[in-house]
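This report refers to the structure that appears directly beneath it.
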Amino acid sequence: MPLAAYTCLLWLLTNGLWTTQAEDPSDDGIYTRSPHRGLAPANVDFAFSLFRQLVASAPDKNMFISPVSISMALAMLSLGASGHTRTQLLQGLGFNLTEIPEAEILQGFQHLHRLLGELGTSLDMTLGNALFFDHRLELLESFSVDIKRYYESKSLATDFQDWDGASRQINKYIENKTQGKIVHVFSGVESPATLILVNYIFFKGTWAHSFDPEGTREKNFYVNETTTVLVPMMFQSSVIKYLHDSVLPCRLVQLDYMGNGTAFFILPDEGKMDTVIAALSRDTIQRWSNFLTSSWVHLYIPKVSITGDHKFRGVLAAMGISDLFTNQANFSNLAQEAQLKVSEVVHKAVLQLDEKGAEAAVSPGRTLQLVSEPLTISFNRPFLIMIFDHFTWSSLFLGKIVSPA
């Protein structure tokens, strides 16, 4: 990532400013009002809050989500909400409605969705939402038009009395939308359902500097003191942005994707995973960026496909977004049905990590070799991964990888 762009990203994330004119990190010009960037601070805060809530609910398991994709899904749902339900949704996403009007929030999300869709054409990223509703309901045409216009999403009639058929319909729809990259999104349980919101995202970026495919070897990954699994481990020896944190018990590297993606791989000291997760914040990201230095590193990272499957009803309710799942819900902008409520919010995120890059990694020159020995950092035990898109200033993925097998 260009230094100027990354500095701009961190400044906005920290200060939470709504930008009317600023330097566009994609070129040298000036662009006019970009509403999606005013969403960034709240979106990142929501990302870390949601991530911590999920990790606490399953402390010994892998945890992987796409925070910005989830935020967009809930913002889309708010188009059908009214009154306290809409207010609770937007406030639950982290927005202070006395500082930023609802209309500007929704405009920002609509713009953000369009930009991420455009980025997906160059990043091999597919994301979207779909709302499945009981076929006996009559949705307002205005709602269907709005989610199609602003989010390229659809509402689909479903017979929830036939759970097997409903599951097949949902899974087939998402599989088709992602060209087979995401499958088995939903398995229903036999309980009453009226509305199910499904959010999905697939990402497989191209590294700015590739790993050497011939260097990938099967190596041990130490899940815990008693469990070890074999995983294909990618290798790169090059000049990489690296930090051994003096404040938090961890080490980290920053790797760039082609385009606008940047990945942080964070390796907590043994037994210190919870300490690092508790400290994740915009301030922590900024501090890391300030102290990252270019170092000659022997780097080992698992070659894996990381998947997160989640149903968010309980988690969102615990975070204060509870009305939409109860009889207190007001979805009068979605349908005229009395006491209409959401049955479930389903999320599936898939990330593929492999060697593919645009060019070979840059090995250190002779001068660097003379003055320093290479550092070795191997992600062969539980680690964290964060991926940001620096053009939209979005948290694409957050993950805790306990076992990559």
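Remember, predicted model here, so these are calculated numbers, not experimental data.
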| task | Evaluate the side-chain proximity of Gln88 to Ser322: yes if any heavy-atom separation is below 4.5 Å, no if none is. | result | yes
| For Lys177, does the NZ atom sit with more than 12 other heavy atoms under 6.0 Å from it, leaving out its own atoms? | no
| Would Asn220 and Thr228 satisfy side chain to side chain donor-acceptor pair (under 3.5 Å), going step by step from the backbone distance to the final call? | CA-CA 6 Å; Asn220 285 332; Thr228 303; 5.8 Å; no
| Is it true that atom CD of Glu218 has more than 12 heavy atoms of other residues, nucleotides or ligands lying nearer than 6.0 Å? | yes
| query | Taking only residues at least two apart or on different chains, which pairs with a member in residues 395-405 satisfy salt bridge (Lys or Arg N to Asp or Glu O under 4.0 Å)? | reply | none
| Close side-chain approach of Ile306 and Ile401, heavy atoms under 4.5 Å | yes
| remark: Those residues at least two apart in sequence (or on a different chain) that pass side chain to side chain donor-acceptor pair (under 3.5 Å) with Thr226 are Asn224
| said: Does His135 have more than 12 heavy atoms from other residues, nucleotides or ligands lying within 6.0 Å of its NE2? | reply: yes
| Test side chain to side chain donor-acceptor pair (under 3.5 Å) applied to His244 - qualifying residues, sequence neighbours left out | none
| Going by atom types alone, do Thr216 and Glu355 pair a side-chain donor with an acceptor below 3.5 Å? | yes
| query | Does His310 have its ring centroid less than 6.0 Å away from the ring centroid of Phe312? | reply | yes
Pair up each side-chain donor or acceptor in residues 192-201 with any protein partner under 3.5 Å, not counting sequence neighbours, and list the distances.
| from | atom 1 | to | atom 2 | distance (Å) |
| --- | --- | --- | --- | --- |
| Asn199 | OD1 | Ser69 | OG | 3.0 |
| Asn199 | OD1 | His347 | ND1 | 2.6 |
| Asn199 | ND2 | Ser69 | O | 3.1 |
| Asn199 | ND2 | Ser69 | OG | 2.7 |
| Asn199 | ND2 | Gly128 | O | 3.4 |
| Asn199 | ND2 | Asn129 | OD1 | 2.7 |

Could you tabulate the donor-acceptor pairs under 3.5 Å formed by side-chain atoms of residues 95-103, not counting sequence neighbours?
| from | atom 1 | to | atom 2 | distance (Å) |
| --- | --- | --- | --- | --- |
| Asn96 | OD1 | Thr98 | N | 3.0 |
| Asn96 | OD1 | Thr98 | OG1 | 2.5 |

| request: Output every pair passing ring pair (Phe, Tyr, Trp, His ring centres under 6.0 Å) with a member in residues 43-79, not counting sequence neighbours, ordered by first then second residue. | output: Phe64-Phe397
| message | Keeping Ser210 on the side-chain end and Gly357 on the backbone end, is there a donor-acceptor pair under 3.5 Å? | response | no
| salt bridge (Lys or Arg N to Asp or Glu O under 4.0 Å) between Asp245 and Arg287, intermediate numbers included | CA-CA 10 Å; Asp245 197 346; Arg287 184 175 57 76; 2.7 Å; yes
| query | So how far is it from Asp45 CG to Ser395 OG, rounded to the nearest 0.5 Å? | reply | 11.0 Å
